[in-house]
Amino acid sequence: MPEFPEVETTRKSLESKVLNRTFVDVWTDEPKIIKKDWSSFRKEIIGKKIVRIWRKGKNLIFDLSGGLSMLTHLKLTGHYLYDRWNEKDPMNSFVHAKFILDNGKTLALSDLRKFAKIELKKKEEIEKDLEKIGPDPFQIGSEEFEAKIRKKRGKIKQVLMDQTVVSGIGNIYSDEILWESNVHPERKTADISEKEMQDIYKSSKKILKKALEAGGTSISDFRNTEGIKGKFGEIKKAYGREGQKCFRCSSLIKRKKIGQRSAHFCPSCQKL
DNA sequence: CCGATGACCTGACCGC
DNA sequence: TGCGGTCAGGTCATCG
């Protein structure tokens, strides 16, 4: 599920709720989510305090006491839930990991497809693993953004989603950003004009900011830590709108496979 | 080094 | 109702 807006929504919420809490117990019914031998994971994490919660791209990292960090990647369908959440929503029922905190409350990971991963390593090791992840659009200026994008040859949609180039953008927001910029997803990075690059840069920040303010997108399974949906799905312009009218020109939105993913775009506003 | 392709999983939905 | 196919906010390993 999660791209920048969903992960950041989760991060902010967890920061306000579980920062400075200590793990007193852990549970899982799907040990493969934890990329470490379960008994050593359990032994190492119990008694550790959460001292910082940060994000790099789509990765969510809990720095713990004792020089350890716990990295979580929610992949397609993972989301964190805390304390008392909306249990009527079936999407909140795929809980495969639970952390019991020293205030007696539970931090849970619900993940329908079980792709999420949790790693526990030394802080420096986690940081090293994340070196390959590029900056998100808010961390760089337009010149650096353009330089990074141009350096990678290929179709703009795929390059925008390449986490080593720029991070935080996935399938939904790349479609939204390119629609907003009037750029066809298959345009080659080398052939995009400077003006268009500026538009893509500005749109990236605009769309991600808007989506964050809306609490993310919950077309399928994303929920915040209270188990509630985000609202960006109600105002998206391209993703998932195949066959519906473009909000700018009324042409019908098209869907096309690019790489392995579905791209949604307006064939008349976004020309090849 | 690069791109293309499957693998990892489960559930929803659509057409017959 | 049931079956089979397709699709899904993401990465990884492997192969040519």
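Just so we're on the same page: letters track the sequence lines, and every chain starts at 1.
A side-chain donor-acceptor contact under 3.5 Å links A:T77 and A:D111. Side-chain N/O atoms of A:H79 and A:N92 include a donor and acceptor closer than 3.5 Å.
Residues meeting the ring pair (Phe, Tyr, Trp, His ring centres under 6.0 Å) test with A:F115, sequence neighbours left out: none. Residues that satisfy the side-chain hydrogen bond (donor to acceptor under 3.5 Å, both in side chains) test with A:K58, not counting sequence neighbours, are absent from this structure. For A:S193, the side chain to side chain contact (heavy atoms under 4.5 Å, CB included) criterion is met by A:K195, A:E196, not counting sequence neighbours.
Counting only heavy atoms from C-beta outward, the side chains of A:L71 and A:D129 never approach each other to under 4.5 Å.
Rounded to an integer number of Å, the gap from A:Y173 OH to C:dG10 P is 10 Å. Atom CG in A:D175 sits about 10 Å away from atom P in C:dG10, given to the nearest Å. Rounded to a whole Å, the NZ atom of A:K56 is 16 Å from the C1' atom of C:dT11. One interatomic measurement links the two molecules: CG of A:D162 to P of B:dC2, which rounds to 10 Å at whole-angstrom precision. Distance A:R261 CZ to C:dC7 C1': 11 Å, rounded to the nearest Å. Going from atom CE of A:M91 over to atom P of B:dA12 covers 7 Å, rounded to whole Å. The NZ-P distance, from A:K256 to C:dC7, rounds to 15 Å in whole Å. As rounded to whole Å, 7 Å separates atom P of C:dG10 from atom CE of A:M161.
No continuous path of ILVMFWY side-chain contacts below 4.5 Å connects A:V183 to A:M161, so the two sit in separate hydrophobic clusters.
Of the two residues contacting DNA chain C, namely A:Q163 and A:K257, the nearest-nucleotide position lying further toward the 5' end is that of A:K257.
With A:K206 as reference, A:E180 is the one residue of A:E180, A:E213, A:E176 to meet the salt bridge (Lys or Arg N to Asp or Glu O under 4.0 Å) rule. Of the listed residues (A:E119, A:E127, A:E125), just one forms a salt bridge (Lys or Arg N to Asp or Glu O under 4.0 Å) with A:K123, and that residue is A:E127.
Within residues 233-242 of chain A, no residue has any heavy atom closer than 4.0 Å to DNA chain B.
Put simply, A:K75 has no side-chain N or O that comes within less than 4.0 Å of OP1 or OP2 on C:dT11. Put simply, A:H73 has no side-chain N or O that comes within less than 4.0 Å of OP1 or OP2 on C:dG10. The phosphate of C:dA8 has OP1 or OP2 within less than 4.0 Å of a side-chain N or O from A:S262. One finds a side-chain N or O of A:R255 lying less than 4.0 angstrom from the OP1 or OP2 phosphate oxygen of C:dA8.
Between the P atoms of C:dC3 and B:dC8, the separation comes to 24 Å (whole Å). Rounded to the nearest Å, the gap between the C1' atom of C:dA8 and that of B:dG3 is 23 Å.
For the pair A:E8 and A:R55, the salt-bridge criterion is met [side-chain N within less than 4.0 Å of a carboxylate O].
Relative to the six-membered ring of A:F62, A:R11 misses at least one condition, a distance below 6.0 Å or an angle of at most 45° to the axis.
Between A:Y173 and A:F232, the two ring planes are tilted [angle within 30° to 60°].
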Per-nucleotide protein contact string for nucleotides 3-8 of chain B, where B marks a base within reach and S marks sugar-phosphate only (heavy atoms under 4.0 Å, - for neither): S--B-B
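DNA chain C forms stems at B:2-8 with C:10-16, B:10-16 with C:2-8, each a run of 3 or more consecutive Watson-Crick or G-U wobble pairs whose two key distances fall under 3.5 Å.
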